[in-house]
Amino acid sequence: MNTSSGSSIRLLQSELTFGLVMMFLSVVLSPIIDIFSKLAASTIPPAEVTAARFILQSLFALPMMAMRGQWGAWTWRRSGVHAIRAAVLTLSMVSFVTTLQVMEVADAIAIFFVEPMMLTILSSIFLKETIGWRRYTACAVGFFGAMLIIQPSFQEVGFIALLPVVTALCIAVYVMITRVVSHSEDAWSMQFQTGLWGTGFSLVLLVIGKVTGSAILDPVMPDLAAMLYLLGVGATAAASGILTVHAYRAVPASTLAPLQYFEIVSATIFGWLVFDNFPDAIKWLGILIIIGSGLYILWRERRFASKPVSDTSETAFTP
């Protein structure tokens, strides 16, 4: 075999493995954000939780930007793109934290997991990524497992059960844009700009809440426990965000989408440990199905790493 060809294949395999590992770590860590958010939302409104997350996320990114010398390279040339990312992320977070006030973490995340399917479709349409039938099948199997976990009851929570679907659509758009800009921008700079814009949008919502008295938006003074929960939200959000950016920089969004189902598994575990919401037999069956579909994707993509997925994302979105 040609030496340069062998090196290229090894490089592709290395990038793929790196991206998959980053995404796996991110989806294991992500439910901790929701655990802290649910704890905080018991005493403060969702918009305030969202604002605190953005502020702390930006503060966590500042030292890293300084140490990495990013200030000289940081520009506002794609601020419009980052503003869009922050806007859809703000809407997704307010919607999801509102859901967490009345639903178990694992159930809310399970409804949210129409997002990978939305992302797969959006990536195929807008980013022109090649999507094979095996990947669609794996998404469908994972989604079936998610439905076994959630066992939704709209009679108990009403229309709020639909808010994770709103979150899912927003995150799919957010991830697709992140996939595009992550090729040419530093991860910490992206996190900082997103946090900056998100803080602005959240503060506007809090002002609206103060004027209208909305229970979702009207800010209150948090107690010490709530402040600690908010600190946890900011720290875990910053770490998860960086992992996600690096994952999408290395691997096409459609390849990573099925792996996000692992978040239901970790959410179920953390929900049990913190809130004593132990899964029943049907939920455990769903977890096994999700793990199986995710491991299949890991095995297949690792084996066929020498066959790169078509990627035109750098030119598919014009900022």
Side-chain angles (χ1 to χ4, degrees), residues 15-16 18-20 22-24 26-27 30 33 54 57 77-96 109 111-132 135-136 138-140 142-143 146 163-187 189-195 197-198 201 237 240-263 294 297 301 308-319:
E15 290 179 351
L16 181 62
F18 176 78
L20 292 174
M22 291 297 100
M23 177 54 69
F24 179 77
S26 175
V27 299
S30 290
I33 305 171
F54 277 125
Q57 185 174 325
R77 63 190 180 89
R78 282 191 167 177
S79 289
V81 178
H82 294 302
I84 295 172
R85 290 174 69 240
V88 295
L89 190 59
T90 301
L91 177 58
S92 74
M93 288 166 55
V94 172
S95 298
F96 199 72
I109 289 179
I111 297 178
F112 162 78
F113 266 87
V114 295
E115 183 269 336
M117 302 181 76
M118 290 180 176
L119 177 60
T120 297
I121 295 172
L122 290 176
S123 296
S124 177
I125 296 173
F126 295 104
L127 302 186
K128 310 301 181 184
E129 293 181 355
T130 302
I131 311 297
R135 199 171 301 155
Y136 280 122
C139 285
F143 183 77
L163 289 181
V165 179
V166 176
T167 301
L169 179 59
C170 291
I171 292 298
V173 174
Y174 171 82
V175 167
M176 188 174 62
I177 299 174
T178 299
R179 167 64 179 160
V180 175
V181 299
S182 64
H183 287 285
S184 56
E185 296 206 11
D186 178 75
S189 177
M190 290 175 63
Q191 286 297 302
F192 178 73
Q193 283 215 54
T194 301
W197 282 105
F201 291 133
S240 178
I242 292 299
L243 291 170
T244 302
V245 169
H246 282 300
Y248 284 107
R249 178 177 292 174
V251 180
S254 52
T255 300
L256 294 172
L259 283 182
Q260 296 177 59
Y261 286 117
F262 277 112
E263 187 172 337
I297 293 296
E301 296 298 339
V309 176
S310 173
D311 181 14
T312 59
S313 61
E314 292 213 55
T315 57
F317 187 91
T318 302

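Hydrogens, waters and symmetry mates play no part in the numbers below; they use all other heavy atoms, side chains included.
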Quick one: does W197's side chain get under 4.5 Å of I84's, heavy atoms only?
no

Not counting sequence neighbours, which residues clear side chain to side chain donor-acceptor pair (under 3.5 Å) with T167? List them please.
none

Measuring from M23:CE to T244:OG1, what's the distance to the nearest 0.5 Å?
5.0 Å

Residue pairs fulfilling side chain to side chain donor-acceptor pair (under 3.5 Å) with at least one residue in residues 84-94, sequence neighbours excluded
H82-R85, R85-Y174, R85-T178, R85-T194

If you round to the nearest 0.5 Å, how far is CD1 of I33 from CE of M93?
8.5 Å

Under 3.5 Å, is there a donor-acceptor pair between the side chain of S30 and the main chain of S26?
yes

Do the non-hydrogen side-chain atoms of F112 and I171 ever get within less than 4.5 Å of each other?
yes

Closest contact, heavy atoms only, I109 versus E263
CD1-OE2, 3.9 Å

